[in-house]
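To start, the structure itself, in structure tokens.
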Protein chains: 2
Amino acid sequence: MVGRPAVPEVIWARPERAGRGPRPAFSRADIAAAAVRIADAEGLDAVSMRKVAAELGCGTMSLYNYVPRKEDLYELMLDAVSGGYEFPEPSGDWRADLIALAHQAREMMQRHTWVPRLMSPVYGFSPNALRYLEYSLSCLDGVDARFGEKMELIAMVTSVVTTYVANEIATAERSRSLPWSEEQEHAARTGYLISQIATGKYPRMAAAFAEDPGPIDLDGVFDRALRRVLDSFDR
Amino acid sequence: MVGRPAVPEVIWARPERAGRGPRPAFSRADIAAAAVRIADAEGLDAVSMRKVAAELGCGTMSLYNYVPRKEDLYELMLDAVSGGYEFPEPSGDWRADLIALAHQAREMMQRHTWVPRLMSPVYGFSPNALRYLEYSLSCLDGVDARFGEKMELIAMVTSVVTTYVANEIATAERSRSLPWSEEQEHAARTGYLISQIATGKYPRMAAAFAEDPGPIDLDGVFDRALRRVLDSFDR
DNA sequence: TCGTAGTTACGTACACCGTACGTAGTGCGG
DNA sequence: CCGCACTACGTACGGTGTACGTAACTACGA
């Protein structure tokens with residue numbers, strides 16, 4: 001088979017090993033691991049087909065035997081890091097269970113800072129994504145709510161985790177591709193912000209800046225946001 | 001000035017017109033409008049320095065006189081579409097005001113489907129972003145809460161809007177870059193999903209699929225999520 | 001008033017990207 | 001055992017962001 005299918009295809013529906021031909025030199029897990037290694041070390045933008053192939057020690061175009069499109073490589077990566085979740089037996093306290101799961105997700109994203117950028121509902125059907133979803137639902141087994149409501153809760157928790165981690169790591173990730181340090185970037189931006197506030201056009205922000213409450217407690221902000229979301233479903 | 005500064009720089013701190021030299025042929029607004037036009041018509045990935053320059057009718061490298069880096073072009077684009085907000089006098093009902101603002105944001109993102117992908121806290125300091133923030137704060141003037149709490153609420157509303165619109169438009173945006181239609185893509189993915197559910201490994205999802213509640217009411221889901229967030233700050 | 005420094009304009013060039021295509025070799029199914 | 005489906009991979013194409021060099025132009029300092 002040379003050339004790509006003219007019909008849409010989910011990579012997970014493809015068998016890893018075809019019947020004929022020589023046995024493949026790598027598994028999907030090998031490829032995903034190589035890509036994850038590169039993304040962790042050099043950022044998502046450094047993940048190119050050439051670099052992944054080099055990491056594996058094969059020709060660039062050989063990769064296309066395993067992954068029909070680069071998008072599918074992203075899907076493999078997400079599924080690979082989602083394989084690290086632990087799914088303990090639900091305790092009966094669904095709030096505690098979902099909080100624990102959200103903390104796992106947050107820590108995973110902090111280890112793999114490129115995950116928030118790839119998070120998208122179209123990637124929501126990989127094997128490990130399905131396991132995650134099924135487990136989330138199992139935590140809500142005792143809750144009297146329609147399926148739709150449960151899904152809305154799970155989506156909202158995911159949303160909170162993703163965007164909050166994205167915020168935490170944004171400047172650090174950004175400075176990776178820039179010719180100056182994170183601190184210099186931060187200094188330039190706050191300098192500009194202060195100059196703007198000094199114009200008097202933003203009195204409420206000015207008042208807040210005058211207070212100066214000290215450094216932000218990221219863990220606290222995250223936990224509060226999470227608890228609020230759970231509370232809002234817990235009339 | 002040839003070559004780029006070795007020191008970080010916020011594009012908004014640059015004067016639009018330098019003292020010396022010939023007068024620039026374009027304004028920042030011209031450039032942003034051209035880029036927005038391309039992104040609206042062909043998607044964010046179609047926005048390249050060459051295409052924007054062609055749209056403006058100038059040489060590619062001339063753009064770098066206005067925009068030191070492509071990232072800054074994105075910042076111009078976000079600021080441009082944020083210029084369309086209307087900020088009516090707060091009514092005194094902060095919930096209603098924030099809901100109205102969130103609806104404006106959602107409609108803007110539905111018009112400019114590339115916005116969620118660019119949303120990031122590092123772009124949060126453009127002139128129109130500051131106006132948006134200041135207005136959000138003004139809606140909360142009568143609320144008895146610390147500045148930090150208000151910011152957490154605003155961040156959470158933004159998060160809900162961004163991720164929900166991103167979900168709404170995900171498959172449509174994705175199919176733009178694929179050689180098959182949105183419907184074919186959807187069919188392939190649900191086909192795979194059904195085959196997975198049929199394995200019996202996901203009993204809760206299977207049960208939900210058996211019910212089949214009909215099409216999802218996107219507006220309703222969005223409004224419920226929004227109201228829940230607001231409720232959670234409204235003890 | 002007149003250099004001249006700093007700006008605008010932009011063509012060329014480089015390194016890198018995703019991937020279409022062609023060819024060679026390999027091993028299972030009929 | 002034949003033939004086909006598969007793996008492997010080199011080459012090449014059209015695209016990207018942008019460094020660099022050069023020419024034209026204008027506002028300011030002397």
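Since the model is a prediction, treat every value here as computed from it, not as a measurement.
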### Query
For B:Ile216, does the CD1 atom have more than 12 heavy-atom neighbours from other residues, nucleotides or ligands under 6.0 Å away?
no

#### Entry: Donor-acceptor side-chain pairing of A:Asn128 and A:Ser82 below 3.5 angstrom
no

Contact class for [X] (heavy atom, under 4.0 Å): base, sugar-phosphate, or nothing?
X: A:Val47; value: sugar-phosphate
X: B:Ala53; value: nothing
X: A:Ser62; value: base

#### Entry: B:Arg23 side chain near C:dG6 phosphate (N/O to OP1/OP2, under 4.0 Å)
no

### Query
Would you say a side-chain N or O of A:Ser48 is under 4.0 Å from OP1 or OP2 of C:dC17?
yes

Please report, rounded to the nearest Å, how far the [atom2] atom of [N] is from the [atom1] atom of [X].
X: B:Arg20; N: D:dT26; atom1: CZ; atom2: C1'; value: 9 Å
X: A:Asn65; N: C:dG25; atom1: CG; atom2: P; value: 17 Å
X: A:Phe26; N: D:dT7; atom1: CZ; atom2: P; value: 13 Å
X: A:Leu63; N: C:dA20; atom1: CG; atom2: P; value: 14 Å
X: A:Glu16; N: D:dT7; atom1: CD; atom2: P; value: 11 Å
X: A:Tyr66; N: C:dT19; atom1: OH; atom2: P; value: 18 Å
X: A:Met49; N: C:dC17; atom1: CE; atom2: P; value: 11 Å
X: A:Glu71; N: C:dC17; atom1: CD; atom2: P; value: 18 Å

### Message
Checking A:Arg189 against A:Glu185 for the salt bridge (charged side-chain N to carboxylate O under 4.0 Å, His left out) test, could you report, in this order, the C-alpha distance in whole Å, the side-chain angles of both residues, the deciding distance, and whether it holds?
### Response
CA-CA 6 Å; A:Arg189 296 195 96 91; A:Glu185 170 92 7; 3.0 Å; yes

### Task
Map A:Asp45 and B:Met61 onto DNA chain C by nearest heavy atom, then report which one ends up closer to the 5' terminus.
B:Met61

## Note on the structure
Assert: residue with more 5' nearest nucleotide on DNA chain C, out of B:Arg50 and B:Pro24, is B:Pro24

#### Entry: Over all atoms of both residues, closest heavy-atom pair of B:Arg204 and A:Glu134
N-OE2, 2.8 Å

### Query
Between D:dG17, C:dT19, D:dC6, which nucleotide gets closest to the side-chain atoms of A:Lys70?
C:dT19

### Task
Measure centre to centre between the rings of B:Tyr85 and B:Tyr132, then say whether the value is under 6.0 Å.
yes

